[in-house]
Each structure stands twice: as structure tokens, then as C-alpha cells.
Protein chains: 2
Amino acid sequence: MTERDPTLMSGIPELVVLRLLAQQEMYGYEIARSLKVLSQDALTLGEGVLYPALHTMEARGLLRSRPKQVDGRTRIYYQVTPRGRKRLERLTASWQRVSEGVDRVLGAPSHE
Amino acid sequence: MTERDPTLMSGIPELVVLRLLAQQEMYGYEIARSLKVLSQDALTLGEGVLYPALHTMEARGLLRSRPKQVDGRTRIYYQVTPRGRKRLERLTASWQRVSEGVDRVLGAPSHE
DNA sequence: CACTATACCTCGGCTGACAAGGTATGGAAA
DNA sequence: TTTCCATACCTTGTCAGCCGAGGTATAGTG
């Protein structure tokens, strides 16, 4: 199973999750909380988005996971594979391109 | 038929089209070309995206259209309705929020 | 005992992006 | 003439993936 590039950038969940995990191993619940805090509430990944996303990313070889028991609770820690890092680079570049493009359009003069 | 807010922002086509049309009446083909130029090739709306988008936006009362004959060719000019302008405001705010959020996450320290 | 926070998950729906195709005109080149 | 490109519109079918709503289970607190 291979990844396709989002032509017009929707894959924000994938991008930010990869970015977080590139810094350190984390588990799902932690990712959700971190994202909210880091983005200052601008980004909130619901569990119906996050968990499926993690699973498909792992299936695509972008992430690896390992379960860990902590206080009788199971956490599943994810880390980025080399392939995931490449993907992160591409998505980041793509995001920059697109977001700058949008900003240019938005910034175009209204009148005069 | 009413609009729903994109929870995590995908509706870039809708946003930029509204923005262009808020400046001046334009027809489809023109919108596509303008977008490419303005965004410096970062944004390219294929016709399979653009035309359906225009139609649904009109159906939702965000746009109004009128056909015009020019040199034996039919152009369909679109303009933004008041409702469309409100939508544009919301989408713009939402875009700013989200894109800043993403940038904050991307900008978070890698190491140290 | 109830409630909240933690921590994982799945299901079904729907939107909307996209590729690929189709029609038709005008003008320029061959 | 015919071919080709640019203009200008359109539809169809597909599919990813976002989302809400639901479900399970444990630990700790009031």
C-alpha cells in the first residue's frame, strides 16, 4: 500500500502527526493532547480521525508501533520510520507551497 | 442546501474562488488561469474540481451566475452574493487559524 | 457508587477532490 | 482542407479520508 500526494492539501492530520512523532515516540491519546496544546487549540484531532489515521499510516510503513503497559493501562507508542521521514519532508514542502499560494491569493488587493 | 464548515480545512478551492470573485466578476476558465498566476503555480484547480465547485456554491446561494456571449463563445460569469461574502469571512478566519496552528506545530523544536 | 480521565477501538455516512472523458467554437498553421 | 491548439463549458464515477457517534475497559476521586 503506497501513499498518494494530496493534490490540494487536505492531509493535515497526517502531516502534523508525522511531525510530532519525528520529535519523539508518542501514543495516541498523547498525540491528541499535544496537538491541541501546541496549536493553541487551532487543531483538534478527534479520535475518529486520529486512530484510523495512525492505523493507515502504519499499514503504509510510515509508522511503527509497540504496545506498552503503564499502570494497568495499555498504551500504543508510535515512531516514525525512515519512509515516514521522507513522507514528512514531502508533505512539509507541499504544505509550504500551498499555504503560501493561498496567502498570496488572499492577500491580493481587494480594490483600487 | 446549507454549507458546513470544514472541520480541519480542506475547502481551499471554495475559499480561493470566493476570494477571487469578491474582487470582480469572473468566468470559470478565467478563474482557473488567475488562480494559477496569482498563486505562482502553487494552486491549480483542474476543471473536474472547479466546475462542480462553482455549481454547488451557486446551489448554496454563495454565487450567482449569468451567461454572456463573447465572440460566439459562451462564458458564464459568477459573482459573490452577500451570503457568499459572509462565508468568505468565516473561511478566511478559519484558514488563518488552522494554517497558523499547523505552522506552530511544524515550527516546534526538533531536538534539544 | 458514580463520575471523570485515561486509553484504545470500529462503524457508517458523506463530502468533496480528482481523473478521465465529452461537446463545441475560433483561429492559426500545414 | 485538415489539423491543431486555445478557449469554454460540462458530467461521470471513484475513492480517500474526515467526522460523529458509538463501544470497551481501567484507575482514581468524591
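Note on naming: letters A, B, ... go to the chains in the order of the sequence lines (proteins, then strands), and numbering restarts at 1 for each one.
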Q. Checking salt bridge (charged side-chain N to carboxylate O under 4.0 Å, His left out) for the pair A:Glu25/A:Arg66: CA distance, chi angles, key distance, verdict?
A. CA-CA 10 Å; A:Glu25 198 185 38; A:Arg66 61 187 184 89; 2.7 Å; yes

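- Taking atom CD1 of B:Ile31 as the reference point, atom P of D:dC10 lies 11 Å away to the nearest angstrom.
- Among the protein residues, B:Gly48 comes within range of the nucleic acid bases, having at least one heavy atom under 4.0 Å from a base atom.
- Rounded to whole Å, atom P of C:dA5 lies 12 Å from atom NZ of A:Lys36.
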Q | side chain to side chain contact (heavy atoms under 4.5 Å, CB included) between B:Leu91 and B:Glu14, worked out | A | CA-CA 9 Å; B:Leu91 287 182; B:Glu14 185 183 4; 3.7 Å; yes

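- Side-chain atoms of B:Thr81 come within 3.5 Å of backbone N or O of B:Gly61 as a donor-acceptor pair.
- Listed pair A:His55 / C:dC8 fails the phosphate criterion, with no side-chain N or O lying under 4.0 Å from OP1 or OP2.
- Of the possible donor and acceptor atoms, one in the side chain of B:Glu30 sits under 3.5 Å from a partner among the backbone N and O of B:Tyr27.
- When the C1' atom of C:dG16 is taken as reference, atom CG of B:Leu91 falls 14 Å away, rounded to whole Å.
- In this structure, the CD atom of B:Glu47 is 12 Å from the C1' atom of D:dT11, given to the nearest Å.
- Of the candidate nucleotides C:dC9, D:dT11, D:dA8, C:dC9 has the atom nearest to the side chain of A:Tyr51.
- Computed from coordinates, the A:Leu43 CG to D:dC19 C1' distance equals 15 Å when rounded to whole Å.
- For B:Leu35 and C:dA17, the CG to P distance is 13 Å, given to the nearest whole Å.
- Mapping A:Ala53 and B:Glu30 onto DNA chain D by nearest heavy atom places B:Glu30 at the nucleotide closer to the 5' end.
- Between B:Ile12 atom CD1 and C:dT15 atom C1' there is a gap of 16 Å when expressed in whole angstrom units.
- Distances shown here put every side-chain N or O of B:Tyr27 at or beyond 4.0 Å from the OP1 or OP2 atom of D:dC9.
- Taking side-chain N and O atoms only, A:Arg33 has a distance below 4.0 Å to OP1 or OP2 of C:dA7.
- Other residues, nucleotides and ligands place no more than 12 heavy atoms under 6.0 Å from the CZ atom of B:Arg90.
- Taking the six-membered ring where tryptophan is involved, the planes of B:Trp95 and A:Trp95 are tilted, since the angle between them lies from 30° to 60°.
- Listed for the A:Thr44 side chain is no donor-acceptor partner under 3.5 Å among the backbone atoms of A:Lys36.
- Atom P of nucleotide D:dC10 and atom CG of B:Leu54 are separated by 8 Å, given to the nearest angstrom.
- Taking every heavy atom of residues 68-77 of chain A and every atom of DNA chain D, pairs under 4.0 Å involve A:Asp71, A:Gly72, A:Arg73, by number.
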